[in-house]
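Since this is a predicted model, take the numbers as computed values, not measurements. Chain A is the first sequence line, chain B the second, and so forth, proteins listed ahead of strands; every chain is numbered from 1.
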Protein chains: 2
Amino acid sequence: MRTDARENRERILEVARAALGTEPAPTMAAVARAAGVGQGTLYRHFPTWQDLVLEVHRADIADLVAAAPRLLEQLPPIAALAEWLGRLADYGRLKKGLSDAMHTAMRDRLAGEGGHPVTEPIDLLVNAGRADGSIRPDVSGEDVFLLVGFLWRLDLTPDRDERSARLLRIVLDGLRADR
Amino acid sequence: MRTDARENRERILEVARAALGTEPAPTMAAVARAAGVGQGTLYRHFPTWQDLVLEVHRADIADLVAAAPRLLEQLPPIAALAEWLGRLADYGRLKKGLSDAMHTAMRDRLAGEGGHPVTEPIDLLVNAGRADGSIRPDVSGEDVFLLVGFLWRLDLTPDRDERSARLLRIVLDGLRADR
DNA sequence: ACCTGAACACCGTTCAAGT
DNA sequence: ACCTGAACACCGTTCAAGT
């Protein structure tokens, strides 16, 4: 990669990170303008808006993914899942723009057959719970990702934090095998 | 209302109903074109796309809303809620275009303070369940509407019917008070 | 009153022309 | 090799001009 290309890429990510802190869905044109590059340059580096948003949060997503196996060593599966989903909620709360990217990514995932990085840790935790009998056997990680989809729609509510915690508890209770 | 105005309104609804059977989100311009009216006429009758979609399904939504109190006479609250949500799922399955309208309606509802017609019957059923102790007390009808949001994202999956039924069972188990 | 359709202000995306 | 920015094909919405 040429030096100017790398610099442009970095500046685009910097600007996009700042923009996503302010508004949930900045336009591609606005990002290009703020970064001082042509539209074509932005599209060369990030073919879609989703690619851009996911790359902005790449490091944080990696942290989140890496946390799952560590939680599983310290807690029983269902408690680990509860803790992990809580972190996912906190994360979605901080990074406003990611919500829609997650949503559309999941939609595409359901349509096609590609994997989404955020489904992997959920699969890991859910499978552990199924293995030790604490989580009902007829549920997949993808199912859980669908069930917690409300997290991406709580942006605007005033009681967001309390509510997301409460709704997560309801989903987790529904996932338990002991009925 | 003048005769030509009424005729235009009817033709718009007819065309929109047909379009929604084919594609999930026809554009306003396409509907106007197919109905043979100007853009302004379409906007006069239906200020937003959401208004148009909800009006197309008005009669069906009314049926759905009316079913809630009847179910409550015949079944215990939580069984009535299960049955009603099942019908909502069937309904969402048949009327593709309504999904997004529901979604955005709910989003706006959360932002503003207006009520959505579909939240009313859920409120009715949930409150009945809270009253007789079968549903946990810390949950609202709006919460349940958020929890079943996955229904609007199952359009494209092959195992949609089985899956929506399974996920609904999980949510309902989570809503029970007996833990 | 009501309708028309051109016009406005956007959007994502592409691509010929430059460096 | 990479970048620029004009251009294309859209979109929802408005509004002056007609009937």
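B:Leu52 places its CG atom 13 Å from the C1' atom of D:dG12, with the value rounded to the nearest Å. Rounding to whole angstrom units, CE of residue B:Met28 and P of D:dC10 are separated by 19 Å. Between A:Arg44 atom CZ and C:dT13 atom P there is a gap of 16 Å when expressed in whole angstrom units. Per the geometry, CZ belonging to B:Arg2 stands 13 Å off C1' belonging to C:dT4, to the nearest Å. B:Ile12 places its CD1 atom 11 Å from the C1' atom of C:dC3, with the value rounded to the nearest Å. Whole-Å rounding puts the A:Asp51 CG to C:dG12 P distance at 14 Å. Separating the CZ atom of A:Arg11 from the C1' atom of D:dT4 is a distance of 13 Å, rounded to the nearest angstrom. Look at CD on B:Gln50: it is 16 Å from C1' on D:dT13, rounded to the nearest Å.
With C:dC2, D:dG12, C:dG12 as the candidates, the nucleotide lying closest to the side chain of B:Ala29 is D:dG12.
Within 6.0 Å of CZ on B:Arg11 lie more than 12 heavy atoms contributed by other residues, nucleotides or ligands.
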(request) Take B:Ile61 and B:Tyr91 through the test side-chain contact (heavy atoms from CB on, under 4.5 Å) and record every step on the way to the result. (result) CA-CA 9 Å; B:Ile61 292 175; B:Tyr91 183 74; 3.9 Å; yes
(request) Determine, stepwise, if the pair A:Leu125 / A:Ile78 fulfils side-chain contact (heavy atoms from CB on, under 4.5 Å). (result) CA-CA 8 Å; A:Leu125 298 167; A:Ile78 206 158; over 6 Å; no
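At a threshold of 4.5 Å between non-hydrogen side-chain atoms, the residues A:Val126 and A:Arg130 count as touching. A:Phe150 is not listed as a side-chain neighbour of B:Asp143, based on a closest heavy-atom distance of 4.5 Å or more. With contacts defined as side-chain heavy-atom distances shorter than 4.5 Å, the pair A:Ile12/A:Leu52 qualifies. Between A:Leu151 and A:Leu85 the shortest side-chain heavy-atom distance does not fall below 4.5 Å.
Closest non-hydrogen pair, A:Trp84 versus A:Leu64, comes out as NE1-O, 2.9 Å. The two residues B:Glu23 and B:Pro26 come nearest to each other via the heavy atoms OE2-CB, 3.5 Å.
Contact check, A:Asn8 against D:dC3: a side-chain N or O comes under 4.0 Å of OP1 or OP2. Between B:His45 and C:dC2, a side-chain N or O to OP1/OP2 separation shorter than 4.0 Å is absent.
For the contact set between residues 35-43 of chain B and DNA chain C, defined by any heavy atom under 4.0 Å, the members are B:Gly36, B:Val37, B:Gly38, B:Gln39, B:Gly40, B:Thr41.
Where DNA chain C pairs in unbroken runs of 3 or more (Watson-Crick or G-U, both distances under 3.5 Å), the stems are C:4-8 with D:12-16, C:12-16 with D:4-8.
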